[in-house]
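This report refers to the structure that appears directly beneath it.
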Amino acid sequence: MSKQDKLHSKELRRKQYLDSIQRACDFIKSYSVECENQVATRLDRLEKIWESFERVDDIDDMDLSAEDCLTNQRIRAETEELYLYAKAKLQDMLPKESKPVAASIQSSSSRVKLLRITLPEFSGNFDEWLTFHDTFVSLIHSSKEMSPIEKFHYLRASLKGEAANLIQAITVTNANYEFAWQTIVKRYSNKIILRKKHIRALISLPKMKDTGAVPLNRLIDDFRRHVQILQQFEQPIKSFSSILIELMADKLDEESLRVWEESQADNDPSFTEMMEFLEKRVRVLETLAIEKVCERSKRKQK
């Protein structure tokens, strides 16, 4: 096969994979709860499509002009953006995993098998503490069917790194479980430390380098996560609205910041209104990205 034939074949296959990614985006736009059982299959299919696209995109382009090479790079970047968007959305749509622990515990005489329980691991990262604490309390600590020594084994299995070291020297017995659990709680439930950690995390969030739906959506998610945790510590978030707006504005790319500031003019928006505005901008950017890729694909076919 000649070099020209290879390049032509590459274009045709790349167009097929782009059409497949576009169909995933169409599914996302028209999604309803009735389609929930299709999400996992479509996500798996999307991953395979992207792998195939990457293999095709690796075909040597030595004979292309510099302009065509730049065009190829741009198409790849836009297709990757579309793929990442579709992947993130499909992952969000995945059905919540059932909690096998509750179904496993039936009587005081039953023994729960460790391998049947999926618990989050905790290594001492303060950002992960609240999620781990609430999950462990719900599934293990509050259980009336399990003995203290069984709970102790689950606690040891869930802890890693620094957190595991805290209770490493405590002998696994019925009597020692409560002491081990309170040792962990006392170390990581310090509200003052947690509050400082999440405030610093907000300040340290990186500024967006590029304009796009994916980085903006990631920033919104990270910012909101820390703010929601601070709310759990009964922080007066509404009173800090202006500060939060300026913090978020400082992280935005220049174009998003310009659009936000122009939309407000002389208004005095709340932080909630800012987040709602940015979420709408994400949807606009997603639509523009899809339309842009489709338009380039159509031009290539002509």
Side-chain angles (χ1 to χ4, degrees), residues 21-36 39 42-43 46 77-96 127 130-131 198-233 235-295:
I21 296 175
Q22 178 60 58
R23 284 196 293 275
C25 293
D26 292 340
F27 171 79
I28 291 167
K29 284 185 176 181
S30 60
Y31 175 77
S32 62
V33 178
E34 291 78 11
C35 302
E36 187 178 62
V39 175
R42 287 182 179 272
L43 181 59
L46 180 68
E78 291 171 354
T79 305
E80 184 175 6
E81 188 84 0
L82 195 63
Y83 154 72
L84 291 173
Y85 155 74
K87 179 179 178 179
K89 289 295 184 182
L90 288 173
Q91 286 177 331
D92 286 343
M93 292 175 182
L94 283 171
K96 302 298 181 185
D127 288 353
L130 290 179
T131 298
H198 288 284
I199 291 174
R200 288 172 183 168
L202 272 178
I203 296 172
S204 301
L205 285 174
K207 184 180 178 68
M208 289 175 59
K209 296 180 179 179
D210 303 306
T211 299
V214 173
L216 179 56
N217 199 43
R218 187 183 302 119
L219 174 62
I220 292 171
D221 289 344
D222 289 343
F223 208 95
R224 176 175 282 123
R225 175 168 55 86
H226 293 299
V227 169
Q228 288 176 340
I229 292 174
L230 287 171
Q231 286 179 309
Q232 292 180 40
F233 298 147
Q235 294 299 294
I237 297 302
K238 289 184 179 180
S239 301
F240 299 151
S241 186
S242 297
I243 296 174
L244 292 174
I245 287 174
E246 292 307 313
L247 274 176
M248 174 59 99
D250 187 55
K251 311 300 180 185
L252 295 175
D253 61 283
E254 292 182 4
E255 179 62 17
S256 296
L257 179 59
R258 182 188 64 78
V259 173
W260 159 249
E261 290 180 340
E262 288 181 354
S263 71
Q264 298 308 309
D266 297 325
N267 295 337
D268 184 20
S270 66
F271 175 67
T272 300
E273 289 172 332
M274 182 185 198
M275 297 299 276
E276 290 174 351
F277 175 88
L278 293 176
E279 286 173 338
K280 290 178 182 178
R281 176 163 171 76
V282 168
R283 292 193 289 272
V284 170
L285 291 172
E286 288 170 348
T287 301
L288 290 175
I290 293 171
E291 291 175 351
K292 193 174 182 180
V293 172
C294 291
E295 182 61 30

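Residue numbers count from 1 along this sequence.
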Quiz item: Which residues satisfy the salt bridge (Lys or Arg N to Asp or Glu O under 4.0 Å) test with Asp222, sequence neighbours excluded?
Solution: Arg225

Self-check item: salt bridge (Lys or Arg N to Asp or Glu O under 4.0 Å) partners for Glu80, two or more places apart
Solution: none

So do [Y] and [X] actually touch side chain to side chain, heavy atoms under 4.5 Å?
X: Leu94; Y: Leu90; value: no
X: Leu278; Y: Leu252; value: yes
X: Leu285; Y: Asn217; value: no
X: Leu43; Y: Met93; value: no
X: Ile21; Y: Leu46; value: yes
X: Met275; Y: Met248; value: yes
X: Pro215; Y: Met208; value: yes

Nearest 0.5 Å, please: how far is [atom2] in [Y] from [atom1] in [X]?
X: Ile199; Y: Ile203; atom1: CD1; atom2: CD1; value: 7.0 Å
X: Ile245; Y: Asp250; atom1: CD1; atom2: CG; value: 13.5 Å
X: Ser241; Y: Glu246; atom1: OG; atom2: CD; value: 10.0 Å
X: Asp221; Y: Asp92; atom1: CG; atom2: CG; value: 7.5 Å

Quiz item: What pairs with Arg224 under side-chain hydrogen bond (donor to acceptor under 3.5 Å, both in side chains), at least two apart in sequence or on another chain?
Solution: Glu279

Quiz prompt | Residues in side-chain hydrogen bond (donor to acceptor under 3.5 Å, both in side chains) contact with Lys89, at least two apart in sequence or another chain | solution = none

Quiz prompt | Polar side-chain atom of Lys251 near backbone of Leu205 as donor-acceptor pair, under 3.5 Å | solution = yes

Quiz item: Restricting to pairs with a member in residues 209-230, which pass ring pair (Phe, Tyr, Trp, His ring centres under 6.0 Å), not counting sequence neighbours?
Solution: His198-His226, Phe223-Phe271

Practice problem: Any pair with a residue in residues 245-269 that passes ring pair (Phe, Tyr, Trp, His ring centres under 6.0 Å), sequence neighbours left out, goes on the list, sorted by first then second residue, please. | Solution: Trp260-Phe277

Practice problem: With salt bridge (charged side-chain N to carboxylate O under 4.0 Å, His left out) as the test, would you mind laying out the steps for Arg258 and Glu255 before giving the verdict? | Solution: CA-CA 5 Å; Arg258 182 188 64 78; Glu255 179 62 17; 2.5 Å; yes

Practice problem: Inspect the surroundings of NZ in Lys207 and state if more than 12 heavy atoms from other residues, nucleotides or ligands are less than 6.0 Å away. | Solution: yes

Quiz item: Is the CD atom of Glu262 crowded by more than 12 outside heavy atoms at less than 6.0 Å?
Solution: yes

